Amino acid sequence: MRPYRNLKMADLIEEELGKLIEREVYVEGALITITDVLITPDLLQAKVKLGIIPKAKELEAFLVVKNQLPALRHALVRKMNVKPMPRLSFEIDKLKV
């Protein structure tokens, strides 16, 4: 396998999914960003880490994003045209500030 393919795929997913989340997901008073995307070497699973500000809205925003996962994945497949598209899973990034 090409050594940098999963890194390129992670960058592309981070960029395109960030645009989709910005455009499609709305939570009153919360800012949702993608802090990191980790892809397995076989390119079948991607773990997307979300940064959510303020901390009080973290759970609400996470649940909204998680509920919109099928629609986000479908839009991402259409935009990127990658087969097979990695299965996305979200988690809240616990930043130490």
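Quantities reported herein were computed from a predicted structural model and do not represent experimental measurements.
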* Which atom pair, heavy atoms only, marks the closest approach of Ala61 to Ile32? -> CB-CD1, 3.9 Å
* Indicate the atoms forming the closest heavy-atom contact of Pro86 with Met9, along with that distance. => CG-CG, 4.5 Å
* Hey, does Leu20 have a side-chain heavy atom less than 4.5 Å from the side chain of Lys79? -> no
* Mind checking whether Leu31 and Ile52 have side chains closer than 4.5 Å, heavy atoms only? -> no
* Asked: Is there a side-chain contact between Leu43 and Arg5 (heavy atoms, below 4.5 Å)?
  -> yes
* Salt bridge check: are Lys94 and Glu58 linked by an N-O gap of less than 4.0 Å? -> yes
* Would you kindly confirm whether Val48 and Leu44 end up in one hydrophobic cluster when ILVMFWY residues are joined by side chain heavy atoms under 4.5 Å apart? => no
* Asked: Any side-chain heavy atom of Leu50 sitting closer than 4.5 Å to one from Thr35?
  -> no
* Who passes side-chain contact (heavy atoms from CB on, under 4.5 Å) against Leu63, sequence neighbours left out? -> Leu59
* **Within-4.5 Å side-chain heavy-atom neighbours: Asp36 and Ile34** => no
* To do: Could you note down all residue pairs passing side-chain hydrogen bond (donor to acceptor under 3.5 Å, both in side chains) where residues 21-33 supplies at least one of them, sequence neighbours left out?
  => Tyr26-Glu28
* Asked: Do Lys49 and Val37 have side-chain heavy atoms sitting under 4.5 Å apart?
  -> no
* Asked: Okay, side chain of Arg87, backbone of Lys47: is any donor-acceptor separation there less than 3.5 Å?
  -> no
